[in-house]
There are 2 protein chains.
Amino acid sequence: MAAARERRPTIADVARLAGVSPSAVSFALNGRPGLAEATKSRILAAAAELGWRPSRPAQALSRGRAGALGLVLSRETDAIGADPFFPAFIAGVESVLSPRGDSLVLHVTNPADEAAAYHRLAADRRVDGVLLTDMRVDDPRPELTTGLGLPAVVVGDPGCADGLCAVSLDDKPAFATAVARLAELGHRRIAHVAGPREFHHSRRRQESWEQAVRAAGLTPGPVLPGGFTADGGAAATRQLMALGVGERPTAIVFANDLSATAGLAVAHRLGLSVPEDLSVVGYDDTPLAAYTHPPLASARADALGWGAAAARALDEVIARGRADDVELAPARLLPRASMGPAPDPARAAPSGPGSTAVRPQRQPEHEQAAEPAPEPTVRREP
Amino acid sequence: MAAARERRPTIADVARLAGVSPSAVSFALNGRPGLAEATKSRILAAAAELGWRPSRPAQALSRGRAGALGLVLSRETDAIGADPFFPAFIAGVESVLSPRGDSLVLHVTNPADEAAAYHRLAADRRVDGVLLTDMRVDDPRPELTTGLGLPAVVVGDPGCADGLCAVSLDDKPAFATAVARLAELGHRRIAHVAGPREFHHSRRRQESWEQAVRAAGLTPGPVLPGGFTADGGAAATRQLMALGVGERPTAIVFANDLSATAGLAVAHRLGLSVPEDLSVVGYDDTPLAAYTHPPLASARADALGWGAAAARALDEVIARGRADDVELAPARLLPRASMGPAPDPARAAPSGPGSTAVRPQRQPEHEQAAEPAPEPTVRREP
DNA sequence: TCAGTTGTTTAAACCGCTTTAACAGCGGCG
DNA sequence: CGCCGCTGTTAAAGCGGTTTAAACAACTGA
């Protein structure tokens, strides 16, 4: 079975077949001018005949560029799985890399080894630059990569880019819309179940929620940590629902779908109906969001476009040393049936559990985004 | 700020600093014998002082090995996100690669470009071998990679390896356990919502289910396609629940959690209680499974270990030309509350929704999960 | 006829490492 | 003393491309 591992053709083989020198082959391949058209096509034909493609390691060595971008994921292993962001993001990166024949080098580490991973990537010359995702508050990586001379782009807002090029996507409008809508529906006590404190985007989402609540003339309800996890979301929900009737929120805005879905389940288990007794909003628009019970209102960000934009920006940083910040169209709220009118305070029984009646859903599904999407804009750096 | 992109140290710089020749540095680095202990440590000290690490492209070129493994994902973009398998699998691969300083090259393609991606990977010499996942029935890739002389390992059972080394993890026991348990609980009509027909593991899961049902002395209930998606799972569940009372299953074994969770939501929307009216089993143990309402019985496979085992096997194939098949510990069922005793046939409602028997399934529009629910017909007695 | 172009092609150096083969230095052996 | 076999070290030849500078034809115009 083991196919005789024949020697793969090299540039010399192609040159010989075409009756030219190796340099000519290189010129033809790279579209350099100064080669007769006839010669060029003869060379390309020879290359095709042999099925030759230049060896990437050899190219990388002589060009001094690896032809690859790096992505280091340092989440805890089990936290990666639940998030639909990365697969789509990576696909977006690929859509830029693939046509050029470049590739993506992925490293999964635990947080403790993160810095070492970047050091290695830089010293190795295995990649030409890296994408920094999951930015944390006071994230050391912008300084680290700058110090290492490793080109990098921040996938997140400029506030955490520390001078690096930032490719961002605003989640504020989605939270603003969600909260505004809830306020319209009569909710007066809107809680937030936040993501991990260390993530920049967790904080941003919390701020967005808070701002929106204040903008609606309300007092921000309680904020509980949900850690972006199902466990956290469930625990937070239980805590919130255990509050006295005067403090218990009638709506919860979760930092992501995973915690929101778990919250939904907890609500059911407590005998609460959503959205009759409690409105719930998530973030991420996981594939399941439209299929929870009831369908979970959530916000969708264009992860694919984000990946592509980040890859392009990194390209530019690598080539020109710097690139302008990019701001993508903001995430858009998908208002699904988990948002509904606030329960009538008069009817609100002080006891949550008890009314186990199954109420049919009447809420029609709106799939349109609540807001028209602005065009992506390129912001000049000051 | 753009750090002055100084020239990175090369092996020559280290050699100069240590007062030896470049070859000596290479020897020291690679632990070659025949170098005086004192010299060796002097060299390593010099290397550390300069922060030098060998250039991977240069190493790859001279060693003739890229020092990287490849993984090509050719799922449809949106189908990748929901699956917790890949992130964990990749982390497992990394756990083997990382200590050696090797890395994983990831390519995301659409199915149409899949073959081209492997061709490129092989001709490029960018990777030393590839991991084949998501095996399809009559998958062309084993033959393709063999023909290309590209070392490969199949992540899936030997039946689809076509002579290649297979690293498999049996899902049969999990299905067998689930079905046996359901039978014990009194279920007599157990349906299956299958994954895409083209995937080898979809078929295997279906076979496992069927075998188990027969082993319990029952007649396999209806099988519907669920496509591993929420849409598909929801549609299939609606169809099953619309069956006449004589045919309607009391338990559904889904091919994965995504479709199962959607099925759960549909059941609720139809006014059915789980597990009182219907038992549901998934597969994958997504992070949410324990937090659906009710918690979803599911099966957990060790994706991390699978990735590590696959990477090790591929290493061996690369080094020795072949490796023995590996069989990992089978997936285990996590019996959660979504499995319960079969409903008492005496109390079951006499007919399905409306009086129409099986309604041709309206193609579920992508987001239209919350289609107006038919009047609940099977209602739990108070 | 010859220097000066212009347009094509190639020799040769180089990228940074590995590896083979050769080379010093040295104590022991005959 | 000269030769041998060691040990420790290095020169030099790749690996497979890219790139610079020079060589070479074929044409100019003077």
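Both backbone and side-chain heavy atoms feed into the values below; hydrogens, waters and symmetry mates do not. Chain letters run A, B, ... following the sequence lines, proteins first and then strands; every chain starts at 1. In this text, all values refer to a predicted model and were calculated from it rather than measured experimentally.
Looking only at distances, no side-chain donor or acceptor of A:Arg125 sits under 3.5 Å from a matching main-chain atom of A:Ala60.
Residue A:Ser62 has no polar side-chain atom (N or O) positioned under 4.0 Å from OP1 or OP2 of D:dT19. Residue B:Ser26 has no polar side-chain atom (N or O) positioned under 4.0 Å from OP1 or OP2 of C:dC17. Here A:Thr39 reaches the OP1 or OP2 of C:dT9: one of its side-chain N or O atoms lies under 4.0 Å away. The phosphate of C:dG16 (OP1 or OP2) has no side-chain N or O of B:Trp52 nearer than 4.0 angstrom. At C:dG16, none of the side-chain N or O atoms of B:Gln59 fall inside 4.0 Å of OP1 or OP2 (strictly under the cut-off).
Between A:Ala15 and A:Pro22, the shortest heavy-atom distance links the atoms CB-N, 3.6 Å.
In this structure, B:Asp13 atom CG and C:dC15 atom P are separated by 11 Å, rounded to whole Å. Rounded to an integer number of Å, the gap from A:Lys40 NZ to C:dG7 C1' is 15 Å. Summarising the geometry, the separation between CG on B:Leu29 and P on C:dC17 is reported as 9 Å, rounded to the nearest angstrom. Residue B:Ile43 contributes atom CD1, which lies 14 Å from atom C1' of C:dC17 at whole-angstrom precision. Computed from coordinates, the B:Arg125 CZ to D:dG17 P distance equals 9 Å when rounded to whole Å. Between B:Phe27 atom CZ and D:dT10 atom P the separation is 11 Å, expressed in whole Å. We find that CD of B:Glu37 is positioned 15 Å from C1' of D:dT9, with the value rounded to whole Å. Straight-line distance from the CZ atom of A:Arg16 to the C1' atom of D:dG16: 13 Å, rounded to whole Å.
Residue B:Gly19 is the one, among B:Arg63 and B:Gly19, whose nearest nucleotide of DNA chain D lies closer to the 5' end (criterion: closest heavy atom).
Across all strands shown, A:Thr10 has heavy atoms under 4.0 Å from sugar-phosphate atoms exclusively, and none from any base. A:Gly34 comes within 4.0 angstrom of a nucleotide base, judged by non-hydrogen atoms across all strands. Residue B:Leu35 is in sugar-phosphate contact alone, with no base atom involved, counting any heavy-atom pair closer than 4.0 Å across all strands shown.
A salt bridge links A:Asp13 to A:Arg16: one of the charged nitrogens lies within less than 4.0 Å of a carboxylate oxygen. Taking 4.0 Å as the cut-off between side-chain N and carboxylate O, A:Arg56 and A:Asp102 count as a salt-bridged pair.
In this structure, the nucleotide among C:dA12, D:dG16, C:dC17 sitting nearest to the side chain of B:Ile11 is C:dC17. Nearest nucleotide to the A:Ser55 side chain, out of D:dG16, D:dT18, C:dT10: D:dG16. Out of D:dA11, C:dT10, C:dG16, the shortest distance to the side chain of A:Leu61 is found at C:dG16. Checked against D:dG17, C:dT10, C:dT19, the side chain of A:Val20 finds its nearest nucleotide in C:dT10. Nearest nucleotide to the A:Ala58 side chain, out of D:dT10, D:dG17, C:dG16: D:dG17. Of all nucleotides listed (D:dT19, D:dG17, C:dT18), D:dT19 comes nearest to the side chain of A:Arg32.
Counting distance only, with no hydrogens placed and no angle test, the side-chain atoms of A:Ser21 and the base atoms of C:dA11 include no donor-acceptor pair under 3.5 Å.
Atom CD of A:Glu143 has 12 or fewer heavy atoms from other residues, nucleotides or ligands within 6.0 Å.
Rounded to the nearest 0.5 Å, atoms CZ (B:Arg141) and CG (B:Leu164) are 10.5 Å apart.
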